[in-house]
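Take a look at the structure below.
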Amino acid sequence: MVHHHFASTLLTYTPQTATVIDGRAIAEEITSGITSEVRRMKNSIGNVPGLAVIMVGQGRDSQTYVRKKLGACEEAGIQSKISTLPDNCTEDQVLNALSCFHEDPSIHGILVQLPLPQHLDEGKILNSVQLEKDVDGFHPINMGNLAMWGREPLFLPCTPKGCIELLIRSGVEISGKKAVVIGRSNIVGLPTSLLLQRHHAIVSVVHAFTRNPEQITREADIVVAAAGVPNLVRGSWLKPGAVVLDVGTNPVKDPSCEYGHRLIGDVCYEEASRVASAITPVPGGVGPVTVAMLLLNTLESAKRAYNFT
């Protein structure tokens, strides 16, 4: 009888709230490693890695992201250059900026901040990024090599790479686990599903045409939310104990905040943290680690260029 009573009290006990995966702390750890490698490179061969950013237009999101990327470079001792073009610039102006950075031997990584204004041919511009400097990993050859078994892309896209890094550093097993990626963009959803497959997860992709996203997501051990829809993923979408990576950054109006808005993710954080075993917050989750991966890719590229080990 005592046993029985004990069991029933266990069952009514409410589960713990999810472990918060601290992206800022993990990013700092990674970045401090990068900083010391950059210092070692500088002392050894007198060169440091260089990153170039091409930014078209004045989108608030883009400006924020670029500011963070350049700030992180400075912190790590990585040189950076930025080419800012007006919203109405021509495709040739963008390609021109690209070829300047291609010719510049002090630049080892080039990133075109997306999204580009509608009138520019994004495909053509990304095609023109030199493979060896494609630190965003968006060139179709890098993406194709990511998709194909037995091939290695020169660079992995930063957000997917950051997601895997967060899982590994949080001690989450990926191999043989069910993963659901919500969203199929070229920037996040698609390459994340490919990278999870590389790590032997069983991957499903849920998108706007999926009839029963909630049912499919409920099966997952690992959920990556990258749909760009605020609070899309409710607690009821999750299997108890799932690990949730929230890639969404959606501004919502909030007069009490510094910029008049605050960021929320694609996951309903309050609900999810009562069901999940671990979850990334927004902000301070996937974002900082994504930026750290950009620095890592730039460092790797410079090491390749200088044959520095």
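Just so it is clear, the structure is predicted and the values come from calculations on it, not from any experiment. Starting from 1, each residue takes its place in the sequence as its number.
- A donor-acceptor contact shorter than 3.5 Å is absent between the side chain of S44 and the backbone of M41.
- Checked against L156 for a side-chain contact (heavy atoms from CB on, under 4.5 Å), the options D136, L195, N142 give a single hit: L195.
- To the nearest 0.5 angstrom, L190 atom CG is 10.0 Å from R184 atom CZ.
- I168 and L146 fall within the same hydrophobic cluster, defined by Ile, Leu, Val, Met, Phe, Trp and Tyr side-chain heavy atoms under 4.5 Å apart, directly or through other members.
- Across all non-hydrogen atoms, the minimal contact from Q197 to W149 is O-CH2, 3.5 Å.
- A distance-only check finds a donor-acceptor pair linking the side chain of D266 to the backbone of G228 [under 3.5 Å].
- A salt bridge links R262 with D254: the closest approach of a Lys/Arg side-chain nitrogen to an acidic carboxylate oxygen falls below 4.0 angstrom.
- Listed for the S185 side chain is a donor-acceptor partner under 3.5 Å among the backbone atoms of V188.
- Across all non-hydrogen atoms, the minimal contact from L238 to A272 is CD1-CB, 3.6 Å.
- Judged by distance alone, with hydrogens and angles left aside, the side-chain atoms of E91 form a donor-acceptor pair with the main-chain N or O of D121 at under 3.5 Å.
- Between R198 and E152 a salt bridge is recorded (basic side-chain N to carboxylate O distance below 4.0 Å).
- Nearest heavy-atom pair, A27 versus V289, reported as atom, atom and distance to 0.1 Å: CB-N, 3.9 Å.
- Counting non-hydrogen atoms of other residues, nucleotides and ligands closer than 6.0 Å to CZ of R40 gives a total above 12.
- From S170, atom OG reaches atom CD1 of I279 across 12.5 Å, with rounding to the nearest 0.5 Å.
- Looking at H102, its side chain does come within 3.5 Å of a backbone N or O of Q130 through a donor-acceptor pair.
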Take L299 and H108 through the side chain to side chain contact (heavy atoms under 4.5 Å, CB included) test and state the conclusion after the steps. CA-CA 8 Å; L299 171 65; H108 309 99; over 6 Å; no
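- Remark: R304 is positioned above the aromatic ring of F155, its terminal NZ or CZ atom under 6.0 angstrom from the ring centre and at most 45 degrees off the axis.
- Remark: K68 NZ is loosely packed, at most 12 non-hydrogen atoms of other residues, nucleotides or ligands lying under 6.0 Å away.
- Between the side chain of N250 and the backbone N or O of G265 there is at least one donor-acceptor pair closer than 3.5 Å.
- Nearest heavy-atom pair across I54 and L85 is CG2-CD1, 4.2 Å.
- For NZ of K239, the number of neighbouring non-hydrogen atoms (other residues, nucleotides, ligands) closer than 6.0 Å is greater than 12.
- Salt-bridge annotation for R169 and E165: present, with a side-chain N of the basic residue lying under 4.0 Å from a carboxylate O of the acidic one.
- Here the CD1-CG distance, from I21 to L167, works out to 6.5 Å after rounding to the nearest 0.5 Å.
- Tracing side-chain contacts under 4.5 Å through hydrophobic residues (I, L, V, M, F, W, Y), one never reaches I222 starting from V267; they form parts of separate clusters.
- Between the side chain of Q93 and the backbone N or O of T90, at least one donor-acceptor pair lies under 3.5 Å.
- Judged by distance alone, the side chain of S62 and the main-chain N or O of G59 form no donor-acceptor pair under 3.5 Å.
- Within a 6.0 Å sphere centred on CD of E214, heavy atoms belonging to other residues, nucleotides or ligands number more than 12.
- Transitive grouping of hydrophobic side chains (ILVMFWY, heavy atoms separated by less than 4.5 Å) brings I26 and V243 into a common cluster.
- Hydrophobic clustering, with ILVMFWY side chains joined whenever heavy atoms are under 4.5 angstrom apart, keeps V180 apart from V203.
- A donor-acceptor pair under 3.5 Å is formed between the side chain of S128 and the backbone N or O of K124.
- Interatomic distance, CG of L51 versus CG of L70, reported as 7.0 Å (0.5 Å rounding).
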Going through the distances and angles, do S277 and T19 end up as a side chain to side chain contact (heavy atoms under 4.5 Å, CB included)? CA-CA 6 Å; S277 64; T19 305; over 6 Å; no
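- The structure places CG of D87 at 9.0 Å from CG of L120, a figure rounded to the nearest 0.5 Å.
- We find the OG-NE2 distance between S175 and H200 to be 5.5 Å, quoted to the nearest 0.5 Å.
- No side-chain donor from either of Y65 and T290 sits under 3.5 Å from a side-chain acceptor of the other.
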Hey, mind stepping through L295 and C73 against side chain to side chain contact (heavy atoms under 4.5 Å, CB included) and telling me if it holds? CA-CA 7 Å; L295 303 185; C73 279; 3.7 Å; yes
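- Here the side chain of N212 pairs no donor or acceptor atom with the backbone of Q215 at under 3.5 angstrom.
- Atom CD of E75 has 12 or fewer heavy atoms from other residues, nucleotides or ligands within 6.0 Å.
- Minimum interatomic distance between L166 and G285 (heavy atoms only, all atoms of both residues): CD1-O, 4.3 Å.
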Show the numbers, then the answer: is there a side chain to side chain contact (heavy atoms under 4.5 Å, CB included) between K161 and L296? CA-CA 10 Å; K161 188 175 179 170; L296 196 53; 4.2 Å; yes
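- Taking each heavy atom of D104 and K81 in turn, the nearest pair found is OD2-NZ, 2.7 Å.
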